[in-house]
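The structure under discussion appears below in the form of structure tokens.
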Amino acid sequence: MPELPEVETVRLGLARHATGRRIAGVEVLHPRAVRRHAPGGDDFAAVLVGRVVTGVHRRGKYLWLALDSDDALVGHLGMSGQLLFLGAEAPPGPHLRVRFRFADGGPELRFVDQRTFGGMAVSLGGAALPAEIAHIARDPFDPQFDPERVVAALRRRRTGVKRALLDQTLVSGVGNIYADESLWRAGLHGARPTDRLTRPAGRRLLAHVTEVMGEALVQGGTSFDALYVNVNGESGYFDRSLSVYGREGEPCPRCDAVVRREPFMNRSSYFCPRCQPRPRRPSA
DNA sequence: CGCGCCTCCTGTGTGC
DNA sequence: TGCACACAGGAGGCGC
């Protein structure tokens, strides 16, 4: 379940291990991994071979490798995607989807994805910002992120505050884990209607979003199960610092009330019923 | 047009 | 023991 801190951890690894290297070979082992590349897997490979990686960028949960052709190799990890640098002799494993060999003969880049929600595509002319992700809002770590604009947009919405946090066109990078953790820190129930959130409460919430994701990044992200790892296959440690997510039945770290889990959008919401009282007029 | 629900996937865990 | 099912969930797409 990679969200911004996990994707940023992967981006740092890609920047370190891929920048300046020339792609010499691309092998697509599962067509679903390149389903967003409309011209198909053969084209995907053909346009990448011979290109040099000039930089690695991220917006929200999307990553892209800028290429010397001014194109971009765009990737999304979905739920279970991993980008790993491994020697060519390393066994492929059952979930290897795409492999990239480099002209220097060094470690190859592998896209491994158990649940195949992730994927890769080439964006022509997309080195600066792929057109495919232009609809994704700036994330809180973007130098041009404007909290006041986001608070204003949030208050114009007619929905629940958790739904709004998960909407990547409003603010990007937040998924189920950090939404629940931010709401707990802010003392807000996820069903609180956005249009009844005061401006200061909106600012506080965004500050908590930024804070919790920043703390998670320092610890290499959250590895709830073995599916999220960095480019060296290592887990992050932030799961130990989670206050409510995944802690149904445990005491709230702030008030000792029992943390609850409720179904939400085909997934779960975790919250403290005392610190985060349900609004009288909830907004789904 | 905004909102919310459905679907795509597979491995793991649980209950009968 | 084995089967059935819930669950994990990002995001595109579609229906209202």
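Just so we're on the same page: letters track the sequence lines, and every chain starts at 1.
The residue among A/R36 and A/N266 whose nearest nucleotide of DNA chain C lies closer to the 5′ end is A/N266.
In this structure, the OH atom of A/Y270 is 9 Å from the C1' atom of C/dA8, given to the nearest Å. Remark: C1' of B/dG2 and NE2 of A/H135 are 16 Å apart, rounded to the nearest angstrom. Rounded to whole Å, the distance from CZ on A/F264 to C1' on B/dC6 is 15 Å. The CG-P distance, from A/L77 to C/dA11, rounds to 10 Å in whole Å. The distance from atom CG of A/D113 to atom C1' of C/dA11 is 14 Å, rounded to the nearest whole Å. Distance CD (A/E132) to C1' (C/dA11): 15 Å, rounded to an integer number of Å. When rounded to the nearest whole Å, the span between CZ of A/R59 and C1' of C/dA11 equals 16 Å. At whole-Å resolution of the value, CZ in A/R267 and P in B/dC6 are 12 Å apart.
Listed pair A/Y178 / C/dG10 fails the phosphate criterion, with no side-chain N or O lying under 4.0 Å from OP1 or OP2. A close approach under 4.0 Å does not occur between any side-chain nitrogen or oxygen of A/R163 and OP1 or OP2 of B/dC3.
In this model, no side-chain donor or acceptor of A/R158 finds a partner on the base of B/dG4 within 3.5 Å.
Between A/F44 and A/H37, the ring planes lie perpendicular to each other; the angle is over 60°, past the 30° to 60° tilted range. The aromatic rings of A/Y178 and A/F238 are tilted relative to each other, their planes meeting at an angle between 30° and 60°.
Side-chain contact of A/E250 with A/Y270: a donor-acceptor pair under 3.5 Å is absent, judged by distance alone. For the residue pair A/S241/A/Q219, the side-chain donor-acceptor check at 3.5 Å is satisfied.
Residue A/S268 is classed as a sugar-phosphate contact, given heavy-atom separations below 4.0 Å to backbone atoms only.
Two residues are said to be in side-chain contact when any heavy atoms from C-beta on lie closer than 4.5 Å; A/F100 and A/M120 meet this criterion. The shortest side-chain heavy-atom distance between A/D113 and A/H95 does not fall under the 4.5 Å cut-off.
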Fill in the blank from the handout: Per-nt protein contacts along nucleotides 8-15 of chain B (heavy atom under 4.0 Å; B base, S backbone sugar-phosphate only, - none) come out as BBBS----
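Heavy atoms of other residues, nucleotides or ligands lying less than 6.0 angstrom from CZ of A/R35 number more than 12.
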